[in-house]
Amino acid sequence: MKAYVFPGQGAQFSGMGLDLYEKSPEAQELFEKANKILGFNITDIMFEGSAEDLKQTKVTQPAIFLHSVILSKLMGEDFKPDLVAGHSLGEFSALVANGTLSFEDALKLVHKRALAMQKACENQSSTMAAVLGLEDEIVEETCKTLDGVVVPANYNCPGQLVISGETEAVEKACEVLKEKGAKRAMLLPVGGAFHSPLMEPAREELAKAIEETTFNQPNCPIYQNVTTTAVTDPEEIKKNLIAQLTAPVKWTQTMKQMLEDGMESYTEVGPGKVLQGLLKKVDRRFPTSSASIE
C-alpha cells in the first residue's frame with residue numbers, strides 16, 4: 001500500500017517551484033492559472049521572494065499547496081496512491097491527489113482559508129509553542145489547569161507536541177512545562193493560534209465556502225487530521241475539514257494508524273522532508289522518500 005503525504009505551513013523556501021516551472025509546460029499552465037485565481041502573481045514571490053515574503057500566511061498556504069499538487073501531477077503514471085494524508089494545510093493537497101477536489105476548487109479554498117486565518121490572528125494576541133521531550137498526557141493536563149486559552153494543537157511525533165492559544169497563556173504553559181521536565185518549550189514564529197478555539201471565526205468563514213464546493217468520491221482513502229482514520233465519504237471529509245481549523249492535528253496517531261492498516265511505502269510530496277523525519281520518530285526502520293520528477 002503506497003502512501004503519499006503532503007506537508008503544511010513551515011515547509012516553504014525561497015525559490016520553491018521554480019524547477020517545476022522550468023521543466024514542464026503543464027506546470028507553467030497550472031502556475032499561471034493559480035496567478036489568475038489568486039488575483040496576484042504568487043509565482044513571483046515563490047520563485048524570487050525572500051523567506052520573509054513567503055512567511056505571510058496568505059502567501060505561504062497557497063505556495064505550499066501549489067508546489068505539492070503540481071509536483072504530484074507531474075509524476076504522471078508513477079503517481080498511484082493507495083492512501084493519502086496531509087499535515088494541516090497539506091490535507092487540501094491530499095484531497096486533490098485522491099480526486100476529491102479539483103485543482104481550482106482546492107486552491108480557492110486554500111486562499112480563503114489563509115485569509116480567514118490571517119484575519120482571526122489579527123483579532124487577538126495569540127501564538128504557538130513547540131514542547132519537546134514530554135509525554136502528551138502531561139502537556140494535555142497542564143493546558144487544562146491554566147487560565148486563558150491554551151490547547152494541544154499539533155501532535156507531530158512522540159515527544160513533540162505544539163500548543164496554541166492566547167500569548168500570555170502559552171508563555172505561562174512554557175514555563176510550567178519546563179518545570180515539569182520538558183527539554184524545550186519555545187514560542188514559534190507564527191502569526192497566531194492555529195488549531196485552537198481562537199480560530200473559530202475562520203472556521204465559520206471556511207465552513208460556508210466548503211459547503212458550497214463540490215466534493216467528489218475519492219479514488220482512495222484520506223487519513224484526516226481530526227479523525228486519524230481512513231475516510232472515503234465526501235460528506236464526512238467536508239465535516240472533518242471544517243473541524244480541522246479549531247481541532248488539533250493528530251499526526252502521530254495518523255501515522256500509527258496508517259502503519260497498522262498496512263502502509264508499505266511513504267512518499268512526501270512537496271517542499272522539504274519534515275514529514276519523513278516525523279515518521280522516523282514513530283518507526284525509524286520504515287522506508288521514506290521524497291517525490292521527484294525526472
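Just so you know, residue 1 is the first one in the sequence shown, and it goes up from there. Just so it is clear, the model here is predicted, and its values are computed rather than measured.
With rounding to the nearest 0.5 Å, the separation of SG in Cys174 from CD1 in Ile163 is 4.5 Å. To the nearest 0.5 Å, atom OG1 of residue Thr228 and atom CE of residue Met258 are 11.0 Å apart. In this structure, Leu109 CG and Phe92 CZ are separated by 5.5 Å, a value rounded to the nearest 0.5 Å. Here the OG1 atom belonging to Thr142 is positioned 4.5 Å from the CG atom belonging to Leu177, to the nearest 0.5 angstrom. Atom CD of Glu264 is separated from atom CG of Leu83 by 9.5 Å, given to the nearest 0.5 angstrom. Rounding to the nearest 0.5 Å gives a distance of 12.5 Å between CE of Met199 and CZ of Arg203.
Asn216 is not listed as a side-chain neighbour of Pro234, based on a closest heavy-atom distance of 4.5 Å or more. Between Glu48 and Asp53 there is no side-chain heavy-atom pair separated by less than 4.5 Å. Side-chain contact between Ser93 and Pro7 is absent, with no heavy atoms from C-beta onward closer than 4.5 Å. Within the 4.5 Å cutoff, side-chain heavy atoms of Pro152 are placed close to those of Cys143. You'll find the side chain of Val226 stays beyond 4.5 Å of the side chain of Lys250, heavy atoms only. Between Met117 and Phe194, the closest side-chain pair of non-hydrogen atoms falls below 4.5 Å. Counting heavy atoms from C-beta outward, Pro158 and Val282 have side chains that approach closer than 4.5 Å. No side-chain heavy atom of Cys220 sits less than 4.5 Å from a side-chain heavy atom of Asp82.
Hydrophobic clustering (ILVMFWY, side-chain heavy atoms < 4.5 Å, transitive): Ile222 and Val269 are in one cluster. Two different hydrophobic clusters hold Leu188 and Leu132 under the rule that ILVMFWY side chains link at heavy-atom gaps under 4.5 Å. Leu206 and Leu241 end up in the same hydrophobic cluster when Ile, Leu, Val, Met, Phe, Trp and Tyr side chains are linked at under 4.5 Å. Linking Ile, Leu, Val, Met, Phe, Trp and Tyr whenever their side-chain heavy atoms come within less than 4.5 Å puts Leu95 and Ile37 in one cluster. Cluster membership check: Val249 does not share its hydrophobic cluster with Met128, using side-chain heavy-atom separations under 4.5 Å among Ile, Leu, Val, Met, Phe, Trp and Tyr.
Ion pairing between a basic and an acidic side chain is recognised when a charged N comes within 4.0 Å of a carboxylate O; Glu104 and Lys33 show such pairing. The existence of a salt bridge linking Lys55 and Glu52 is confirmed by a sub-4.0 Å separation between a basic side-chain nitrogen and an acidic carboxylate oxygen. Salt bridge annotation for Arg113-Glu205: absent, with no cationic side-chain nitrogen under 4.0 angstrom from a carboxylate oxygen. Between Glu236 and Lys239, no side-chain nitrogen of the basic residue sits less than 4.0 Å from a carboxylate oxygen of the acidic one, so the salt-bridge criterion is not met. Using a cutoff of 4.0 Å between basic side-chain nitrogens and carboxylate oxygens, Glu212 and Lys208 are scored as salt-bridged.
Proximity of a side-chain donor or acceptor of Ser126 to a complementary backbone N or O of Ala193 within less than 3.5 Å is detected. Gln12 places a side-chain N or O within 3.5 Å of a backbone atom of Gly10 that can act as its donor or acceptor partner. Listed for the Lys178 side chain is no donor-acceptor partner under 3.5 Å among the backbone atoms of Ala173. Checking side-chain atoms of Thr213 against main-chain N and O of Ala209 turns up a donor-acceptor pair under 3.5 Å.
If you check the side chains of Gln224 and Gln244, you find no donor sitting under 3.5 Å from an acceptor. Judged by distance alone, the side chains of Thr43 and Asn35 do bring a donor and an acceptor atom under 3.5 Å apart. Thr267 and Ser289 share a side-chain donor-acceptor pair at under 3.5 Å. With hydrogens and angles left out, the side-chain atoms of Tyr155 and Glu140 include a donor and acceptor closer than 3.5 Å. No side-chain N or O of Thr246 forms a donor-acceptor pair with one of His195 less than 3.5 Å apart. Residues Asp261 and Gln257 have side chains that bring a donor and an acceptor to within less than 3.5 angstrom of each other.
The shortest non-hydrogen separation linking Leu74 to Ala27 is CD1-CB, 3.9 Å. Pairing each heavy atom of Gly86 with each of Ala94, the nearest pair is N-CB, 4.1 Å. When every heavy atom of His67 is checked against every heavy atom of Gly17, the shortest pair comes out as CD2-N, 3.3 Å. For Ala63 against Leu54, the heavy-atom pair with the smallest separation is CB-CD2, 4.3 Å. Between Lys80 and Lys2, the closest heavy-atom pair is O-CD, 3.9 Å. Of all heavy-atom pairs spanning Leu198 and Pro201, the tightest one is O-CD, 3.5 Å.
Under the 30°/60° scheme for interplanar angles, the aromatic rings of Tyr21 and Phe31 are found to be tilted. Relative orientation of the Tyr4 and Phe79 rings is tilted, given thresholds of 30° and 60° on the angle between their planes.
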Next on the checklist: side-chain contact (heavy atoms from CB on, under 4.5 Å) for Leu71 and Ser68? Distances and angles first, verdict last.
Outcome noted: CA-CA 5 Å; Leu71 175 56; Ser68 299; over 6 Å; no

Next on the checklist: Determine whether Leu18 and Met46 satisfy the following criterion, side-chain contact (heavy atoms from CB on, under 4.5 Å), listing intermediate values before the conclusion.
Outcome noted: CA-CA 8 Å; Leu18 181 59; Met46 289 174 71; over 6 Å; no

Next on the checklist: Under the criterion side-chain contact (heavy atoms from CB on, under 4.5 Å), I'd like the reasoning laid out for Leu278 against Leu275: C-alpha separation, chi angles, the key distance, then a yes or no.
Outcome noted: CA-CA 5 Å; Leu278 296 181; Leu275 300 182; 4.1 Å; yes

Item to check | Working for side-chain contact (heavy atoms from CB on, under 4.5 Å), residues Glu166 and Ser125 | outcome: CA-CA 6 Å; Glu166 294 166 346; Ser125 172; over 6 Å; no

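For Lys180, the NZ atom sits in a packed shell: over 12 heavy atoms of surrounding residues, nucleotides or ligands are nearer than 6.0 Å. Under a cut-off of 6.0 angstrom, the local environment of NZ in Lys273 is sparse, with at most 12 non-hydrogen atoms contributed by other residues, nucleotides or ligands.
Among Val190, Val131, Asn156, the single residue meeting the side chain to side chain contact (heavy atoms under 4.5 Å, CB included) criterion with Val162 is Asn156.
Remark: His87 engages Trp251 in a ring pair (Phe, Tyr, Trp, His ring centres under 6.0 Å) (not counting sequence neighbours).
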